[in-house]
Amino acid sequence: MKSLVLLRHAKSSWKNPDMDDFDRTLNDRGTYDAPRMAELMQAEKLKVDLILCSSAVRTRQTLALILLNYPFDGDVYFSKELYHSSKETIQSHLAKFAGKKKHVMIVGHNPGLEDFLSALIDSHIEMPTCALAHLAKADGSDFELSSGGRNSLKLLNFWKPKEI
């Protein structure tokens, strides 16, 4: 079975309105939520052997906090193309980097990440900051976007930091 974990970056700071959006850092709530989500990943025994992460500061900081609290020895790829990317760009990165990997995690931004998740399961789900979705595909085929309920993906669980 293949699994896919989608994580939206943790809450970021708006203290400096002149700062470029790409360079925004996490705020206190973000630095509190990310380690908690990592602990949840560990408690739920989520497997990850590849991480695709936007290269924006807040996604990199979120991932750093995750990796401090979640055992991981796979590959990590950072990409500026995942910064505010479309669902099609996310799909393209999966196709390009996932290869034979079975358990992939994507750390990104809305609206693209939310749009990607919603397209995969053919139902709209809102992803607040630091929300985590765990999906699986029993047939082992690649994760692909399609329409009309043909994705054969199952949303196993969805967590929001405020609910854990």
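The figures here come from the full heavy-atom set of this structure, side chains too, leaving out hydrogens, waters and symmetry mates.
- In this structure, the side chains of E39 and I164 stay at 4.5 Å or more apart for every pair of heavy atoms.
- F97 and F78 end up in different hydrophobic clusters when Ile, Leu, Val, Met, Phe, Trp and Tyr side chains are linked at under 4.5 Å.
- Checked options L6, L156, N157; the residue passing with L135 is L6 (criterion: side-chain contact (heavy atoms from CB on, under 4.5 Å)).
- Annotation: the span from H84 atom NE2 to H109 atom NE2 amounts to 5.5 Å, rounded to 0.5 Å.
- For A131, the side chain to side chain contact (heavy atoms under 4.5 Å, CB included) criterion is met by M127, P128, F158, not counting sequence neighbours.
- Y32 is linked by a side chain to side chain contact (heavy atoms under 4.5 Å, CB included) to R36, counting only residues two or more places apart in sequence or in another chain.
- For the residue pair G30 and L65, the shortest heavy atom distance occurs at O-CD1, 4.4 Å.
- Atom CG of residue L46 and atom CG of residue L40 lie 7.0 Å apart, to the nearest 0.5 angstrom.
- By the ring pair (Phe, Tyr, Trp, His ring centres under 6.0 Å) test, Y70 is found to be paired with no residue, residues two or more places apart in sequence or in another chain being considered.
- Distance alone, capped at 3.5 Å, is enough to place a donor-acceptor pair between the S118 side chain and the I125 backbone.
- Here S55 contributes atom OG and K80 contributes atom NZ; the two are 6.5 Å apart, rounded to the nearest 0.5 Å.
- Open room surrounds CG on D28; 12 or fewer heavy atoms of other groups in view lie less than 6.0 Å from it.
- For the residue pair T89/S86, the side-chain donor-acceptor check at 3.5 Å is satisfied.
- Residues M37 and V5 share a hydrophobic cluster, clusters being chains of Ile/Leu/Val/Met/Phe/Trp/Tyr side chains in contact below 4.5 Å.
- Hydrophobic clustering (side-chain heavy atoms under 4.5 Å, transitive across Ile, Leu, Val, Met, Phe, Trp, Tyr) groups V76 together with M105.
- H93 and S79 form a side-chain donor-acceptor contact under 3.5 Å, judged by distance and modelled atom types alone.
- The CD1 atom of I66 lies 8.5 Å from the CD1 atom of I51; values are rounded to the nearest 0.5 Å.
- Applying the 6.0 Å contact sphere to NZ of K47 captures no more than 12 heavy atoms from other residues, nucleotides or ligands.
- If you chain together hydrophobic residues whose side chains sit under 4.5 Å apart, L52 and F116 fall into the same group.
- Side chains of T59 and H9: no donor on one and acceptor on the other come within 3.5 Å.
- Counting only heavy atoms from C-beta outward, the side chains of K162 and R29 approach each other to under 4.5 Å.
- Around atom CD of E44, more than 12 heavy atoms belonging to other residues, nucleotides or ligands sit under 6.0 Å away.
- The shortest heavy-atom contact between T129 and A10 is CB-C, 3.9 Å.
- Proximity of a side-chain donor or acceptor of R58 to a complementary backbone N or O of D21 within less than 3.5 Å is detected.
- K160 contributes atom NZ, which lies 13.5 Å from atom SG of C130 (distance to the nearest 0.5 angstrom).
- Between W159 and H134, the ring planes are parallel. Angles under 30° get that label, and only those over 60° would be called perpendicular.
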Inset, instruction - Show your working on side-chain contact (heavy atoms from CB on, under 4.5 Å) between W14 and N27 and close with a plain yes or no. - result: CA-CA 8 Å; W14 289 90; N27 68 12; over 6 Å; no

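- Under the 4.5 Å side-chain heavy-atom criterion for Ile, Leu, Val, Met, Phe, Trp and Tyr, L4 and L113 are members of the same hydrophobic cluster.
- Between the CE atom in M1 and the NZ atom in K154 there is a gap of 9.0 Å [rounded to 0.5 Å].
- We find that K100 and D49 are not joined by a salt bridge, their nearest charged nitrogen and carboxylate oxygen being 4.0 Å or further apart.
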Legend entry - Residue pair V48, M41: steps toward the side-chain contact (heavy atoms from CB on, under 4.5 Å) verdict: CA-CA 10 Å; V48 176; M41 288 173 63; 4.1 Å; yes

